[in-house]
> 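Below you'll find the structure I mean.
Every heavy atom of this structure was used, including side-chain atoms; hydrogens, water molecules and symmetry mates were not.
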Amino acid sequence: MTGFLGQALLYTVPFLLVLTFIVTIHELGHFLVARAFGVKIDRFSVGFGKTIFGRTDRHGTEWRMAWLPLGGYVKFSGDLDASSVPDQAGLDELRQRVIAENGPGAERDYFHFKPIWQRALIVAAGPAANFVLAMVLFTVLFSVIGERIVAPRVATVSEGTPAAAAGFRPGDLIVAVNGRPVEEGAEVTRLVMMSAGDPLTFNVQRADGPVTLTATPVRRLENDELAGRVRIARIGLGLGALVSADYRFRRLNPVEAAGKGVEMIGATVGTTATYIGRIFVGKESGDLLNGPIGIAKAAGGVTRLAVEANPDPGLMAANLALTFLSFAALVSIGIGIVNLLPIPVLDGGHLLFYGYEAVARRPVPAHVQEVGYRVGLALLAGLMLFATWNDLQKLSLFKFLGGLA
């Protein structure tokens with residue numbers, strides 16, 4: 001029981017800490033921009049459920065910490081429904097009530113009566129805060145540990161693979177993929193992973209001169225220490241530094257580190273967008289999408305690896321902190337991307353409604369909002385179930401359960 005409890009804590013505690021921290025920063029983005037525009041705010045909550053601790057500031061905003069650490073929320077005064085986008089009738093009713101209670105002009109302090117560009121900025125500030133957080137974390141990481149660059153040198157070629165059929169040899173240096181120059185092995189791996197079934201052209205530098213090779217990535221089942229059982233596109237190459245020139249390390253000043261952080265965010269967003277697009281056109285199955293179980297497993301995995309990396313308490317703590325910064329940055333980017341999806345109930349859905357309002361000069365009709373809200377909930381529920389199904393498959397739980405029949 002102790003072992004099970006220990007494993008459960010190893011996975012759930014880091015996951016909850018990272019999730020609550022990132023979602024709180026997301027909500028803080030909404031809060032700070034709203035406060036800058038003079039919006040009246042009722043509550044800022046870290047966590048959900050019963051209040052553990054709370055206080056009210058001079059602006060009348062209740063700051064509270066709740067017992068369920070699954071993120072948090074910010075509540076603007078006058079929110080009429082779950083989607084926070086009332087129709088014209090709802091706005092008129094709210095305006096009359098606010099004026100009756102507080103006098104003419106008081107409605108200007110309410111979110112729904114702010115100019116549309118201010119409302120759009122307030123909504124967009126949540127995902128923006130996630131990207132800013134990721135940039136700050138990456139900047140800290142690159143400033144502290146620097147940048148390690150490993151050239152895309154072919155160390156091994158597996159037999160019977162697309163790479164072997166294409167004519168790759170150990171010692172080959174990949175300089176471009178589909179005409180795109182590459183400097184790191186990680187870039188090649190990322191491009192291959194996103195190209196299952198699509199032929200890739202590799203420009204390769206050999207001792208006897210440049211050659212051009214073509215290989216088509218195929219999916220294969222792998223057991224990843226963090227992700228579990230996943231199908232990933234590969235061509236059968238093992239990349240690594242074979243000579244000293246293949247490995248470079250450089251220190252980065254804060255400006256360079258920030259630039260590298262922006263580059264990392266761009267690469268992550270681009271890879272995610274490419275993967276989602278390939279799902280919609282049927283080129284990917286979507287089994288790399290993670291739900292709460294998968295994220296919790298990854299959080300526990302990086303915690304364990306960081307602890308096991310060095311037995312010295314000081315080095316262990318430093319390694320754990322740096323590992324968590326990197327993991328939190330990636331999760332923060334993911335949450336920012338998800339919230340920008342044009343799905344009602346998400347920030348992207350609100351922005352979609354505001355776009356309509358800007359063009360039509362009136363809010364989205366109530367019946368359209370209601371349908372959109374229900375469809376959005378259904379999409380989110382379906383996405384969550386799909387991601388959870390993936391998580392369980394990666395953990396091999398269904399294989400275990402099948403043995404019980």
Side-chain angles (χ1 to χ4, degrees), residues 18-19 21-23 25-30 33 71 120-121 123-142 147 149 177-178 180-196 198 217 226-227 230 232-233 252 255-281 283-291 294-295 298-299 302 324-343 346-352 355 379-380 383-384 386-387 390:
V18 170
L19 179 66
F21 171 64
I22 292 172
V23 174
I25 295 298
H26 175 98
E27 297 299 329
L28 196 59
H30 292 310
V33 176
L121 285 178
V123 169
N130 287 127
F131 295 126
V132 171
L133 172 62
M135 189 190 72
V136 170
L137 295 179
F138 280 135
T139 300
V140 172
L141 282 168
F142 287 119
E147 180 185 18
I149 301 174
V177 180
N178 278 358
R180 173 179 173 179
V182 292
E183 294 183 353
E184 300 182 63
E187 293 180 81
V188 176
T189 300
R190 184 168 60 246
L191 290 171
V192 169
M193 286 175 59
M194 293 294 105
S195 303
D198 296 335
L226 297 180
V230 292
I232 298 180
L252 300 178
V255 175
E256 293 173 328
K260 187 65 179 179
V262 172
E263 183 183 321
M264 287 286 292
I265 293 172
T268 304
V269 172
T271 300
T272 303
T274 299
Y275 185 72
I276 292 175
R278 288 174 62 84
I279 291 175
F280 278 105
V281 298
K283 290 187 175 182
E284 294 289 347
S285 62
D287 58 355
L288 292 182
L289 294 177
N290 285 323
I295 298 174
V302 297
F324 257 96
L325 288 179
S326 179
F327 180 72
L330 293 174
V331 174
S332 187
I333 295 172
I335 289 178
I337 293 172
V338 169
N339 272 278
L340 284 176
L341 294 176
I343 299 175
L346 293 179
D347 294 330
H350 294 325
L351 293 174
L352 188 65
L379 286 173
L380 284 180
L383 181 61
M384 185 65 67
F386 178 73
N390 281 340

> Are the side chains of Leu325 and Val140 in contact, using a 4.5 Å heavy-atom criterion?
yes
> Check Ala258 against Thr139 and note the closest heavy-atom contact, atom names and distance.
CA-OG1, 3.2 Å
> Please round to the nearest 0.5 Å and tell me the distance separating atom CG of Leu121 and atom NE2 of His30.
12.0 Å
> Over all heavy atoms of both residues, which pair between Leu351 and Ala120 is shortest? Give the atoms and the distance, please.
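So the minimum-distance heavy-atom pair works out to CD2-O, 3.6 Å.
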> Taking salt bridge (Lys or Arg N to Asp or Glu O under 4.0 Å) as the definition, give me every residue that meets it alongside Glu263, ordered by chain and number, with sequence neighbours left out.
Lys260
> If you round to the nearest 0.5 Å, how far is CD1 of Ile25 from CG of Asn130?
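If we round to the nearest 0.5 Å, Asn130:CG and Ile25:CD1 are 8.5 Å apart.
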> Counting C-beta onward and ignoring hydrogens, is there a side-chain heavy-atom pair between Leu19 and Ile335 closer than 4.5 Å?
yes
> Out of curiosity, Leu137 CG to Phe142 CZ, how far, rounded to the nearest 0.5 Å?
11.5 Å
> For Arg190 and Ala267, indicate whether the former's side chain and the latter's backbone hold a donor-acceptor pair under 3.5 Å.
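No, the answer is negative, given that no donor and acceptor are paired below the 3.5 Å cut-off.
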> Determine the minimum heavy-atom distance between Phe138 and Gly261, stating which atoms define it.
CB-CA, 3.6 Å
> Looking at every heavy atom in both Met135 and Ile265, which two are closest together, and how far apart are they?
N-CD1, 3.6 Å
> When rounded to the nearest 0.5 angstrom, what distance separates CG in Leu352 from CG in Leu346?
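Answer rounded to 0.5 Å: 11.5 Å.
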> State the CG-CD1 distance between Leu330 and Ile22, to the nearest 0.5 angstrom.
9.0 Å
> When rounded to the nearest 0.5 angstrom, what distance separates CD in Glu256 from CD in Glu147?
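Interatomic distance, Glu256 CD to Glu147 CD, rounded to 0.5 Å: 9.0 Å.
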> What pair of heavy atoms forms the shortest contact from Ala125 to Gly29, and how long is it?
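Ala125 and Gly29 have their closest heavy atoms at CB-O, 3.3 Å.
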> Should Phe131 and Val262 be marked as a side-chain contact (heavy atoms from CB on, under 4.5 Å) after you check the CA-CA gap, both sets of side-chain angles, and the distance that decides it?
CA-CA 9 Å; Phe131 295 126; Val262 172; over 6 Å; no
> Walk me through it: do Met193 and Thr271 pass the test side-chain contact (heavy atoms from CB on, under 4.5 Å)?
CA-CA 10 Å; Met193 286 175 59; Thr271 300; over 6 Å; no
> Give a yes or no answer on whether the side chain of Thr268 reaches the backbone of Met264 with a donor-acceptor pair at less than 3.5 Å.
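Yes: the side chain of Thr268 pairs with the backbone of Met264.
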> Is there side-chain contact between Thr272 and Ile333, with at least one heavy-atom pair below 4.5 Å?
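Answer no - side chains too far apart.
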> What pair of heavy atoms forms the shortest contact from Pro127 to Ala124, and how long is it?
CD-O, 3.3 Å
